[in-house]
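Start at 1 with the first residue, then count along the sequence. Values in this document were obtained by computation on a predicted structure and should not be read as measured data.
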Amino acid sequence: EQPAIGLFAELGWQLAGPPPTAGISGEPRDAGLLGRETKGEVVLVSRLRAALQKLNPTLPPEPITAAVDELTRDRSAMLLEQANREVYLLLKEGISVSVADTDSTPHPGPLPGRGGEGGRGGQKTERVRVIDWENPANNDFLLVSQFSVTGALYTCRPDLVGFVNGLPLVVIELKIPGVPARAAFDENLTSYKHPQNGIPALFVFNALLIASNGTDSRVGSLTADWERFFEWKRIERENEPRRVSLEVMIRGTCDKTRLL
């Protein structure tokens, strides 16, 4: 786990650890909550709100709050795959919000270039950007080790969770050398997604799942079975020597530019 954390540090991610050293460098400790009110929450709302304010500097607080509420609302009644798809579209396209129209001129229909309606009750529609896809470094990247999440019945602690703008996009489960990487998939990642025994809310935002024992490393999507988890063998170029290792996996998938 420590070598993996070191790689993320080299890639420019901020780091946070579990209790008793919980917290982010330079920030107060909070027993592993990382700003959450309870361990049932999976989004780091304070970081999400700060990122939305940074990416949408012209918007007032109300639509930022509306966007936070839309991202964090309870989707437990949905199939996990459907909830994940819904959130993916919000991340990709932004969140439509209603804001006060400060333009005093009445407009009978949509305003050119505003992406919404104007002049109806003094409101107009704007879109809140959640992630800056064009400039990856403009986002907030945080890696948390042993991120404690309480589900319906149990508390689970995935080895590593990668947050972008407060949203858990990457989940990594590690095994010691000699234990098959598949064990990380079968015993941990699969059980974490279980509706009752696991912490499915964590995976609503998921983009990548990684299972590794240090030498054998595989990456897959939320719905992939083990046969559809694949090795990542190159970092920069197709013609570079093929290497299967946790370092190649992390550098190849979790570099800020490659991830986004």
Fill in: ring pair (Phe, Tyr, Trp, His ring centres under 6.0 Å) contacts in which one or both residues fall within residues 37-77, not counting sequence neighbours
none

Look up atom [atom1] in [X] and atom [atom2] in [Y], then write down how far apart they are to the nearest 0.5 Å.
X	Y	atom1	atom2	value
R251	W232	CZ	CH2	15.0 Å
E81	T223	CD	OG1	6.5 Å
L33	K39	CG	NZ	6.0 Å
L91	I131	CG	CD1	4.5 Å
E247	L7	CD	CG	5.5 Å
L90	R127	CG	CZ	9.0 Å

Following the transitive rule for hydrophobic clusters with a side-chain heavy-atom cut-off under 4.5 Å over Ile, Leu, Val, Met, Phe, Trp and Tyr, establish whether [X] and [Y] coincide in one cluster.
X	Y	value
L160	M249	yes
F141	L55	no
L48	L259	yes
M78	L80	no
V42	V45	yes

Worksheet item: Going by the side chain to side chain donor-acceptor pair (under 3.5 Å) test, which pairs reach into residues 52-62, not counting sequence neighbours?
Response: K54-N138

Item to complete: Quick one: sort the W226 and F185 rings into parallel, tilted or perpendicular, breaks at 30° and 60°.
Response: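 Judged by the thresholds at 30° and 60°, the geometry between W226 and F185 is tilted.
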
Residues which pass side-chain contact (heavy atoms from CB on, under 4.5 Å) with [X], listed by chain and number, not counting sequence neighbours:
X	result
T65	R49, D69
N84	N206, L222
D225	E227, R228

Worksheet item: Mind checking what makes salt bridge (charged side-chain N to carboxylate O under 4.0 Å, His left out) contact with R75, not counting sequence neighbours?
Response: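 R75 satisfies salt bridge (charged side-chain N to carboxylate O under 4.0 Å, His left out) with E70, E86 once adjacent residues are dropped.
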
Worksheet entry | Partners meeting salt bridge (charged side-chain N to carboxylate O under 4.0 Å, His left out) with D159 (sequence neighbours left out) | none

Discussion item. For the backbone of E134 and the side chain of D132, can you confirm whether one donor and one acceptor N or O come within less than 3.5 Å of each other?
Written reply: yes

What closest approach, in Å, do [X] and [Y] show between heavy atoms, and which atom pair accounts for it?
X	Y	value
G166	D140	N-OD2, 4.3 Å
V161	P158	CG2-CB, 3.9 Å
L34	A16	CD2-CB, 4.0 Å
Q123	S98	NE2-OG, 2.8 Å
A211	A181	CB-O, 3.8 Å
L15	F8	CD2-CB, 4.4 Å

Atom pairs and distances, donor-acceptor, side-chain atoms in residues 147-157, under 3.5 Å, two or more places apart:
from : atom 1 : to   : atom 2 : distance (Å)
T150 : OG1    : T155 : OG1    : 2.9

Worksheet item: Can you list the residues that meet the ring-ring contact (aromatic ring centres under 6.0 Å, His included) rule with Y192, with sequence neighbours excluded?
Response: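 Y192 satisfies ring-ring contact (aromatic ring centres under 6.0 Å, His included) with no other residue.
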
Discussion item. Going by ring-ring contact (aromatic ring centres under 6.0 Å, His included), name the residues that satisfy it together with W133, two or more places apart in sequence or in a different chain.
Written reply: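 Partners of W133 by the ring-ring contact (aromatic ring centres under 6.0 Å, His included) criterion come out as none, since no residue qualifies.
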
Practice prompt. Please say which of V130, V43, N165, V128 ends up in a side chain to side chain contact (heavy atoms under 4.5 Å, CB included) with L71.
Written response: V130

Practice prompt. Apply the side chain to side chain contact (heavy atoms under 4.5 Å, CB included) test between D255 and each candidate in I250, L260, L11; give the one that qualifies.
Written response: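 For D255, the side chain to side chain contact (heavy atoms under 4.5 Å, CB included) check succeeds only for L11.
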
Worksheet item: Hey, mind stepping through I210 and C254 against side-chain contact (heavy atoms from CB on, under 4.5 Å) and telling me if it holds?
Response: CA-CA 10 Å; I210 295 174; C254 296; 4.3 Å; yes

Item to complete: Using the salt bridge (Lys or Arg N to Asp or Glu O under 4.0 Å) rule, collect all pairs that involve residues 187-206, keeping only residues at least two apart or in two chains.
Response: K175-E187

Is any side-chain heavy atom of [X] closer than 4.5 Å to a side-chain heavy atom of [Y]?
X	Y	value
K124	V99	yes
D216	E231	yes
L246	L174	yes

Ignoring hydrogens and angles, write down the donor-acceptor pairs under 3.5 Å from the side chains of residues 195-205, residues two or more places apart or on other chains.
none

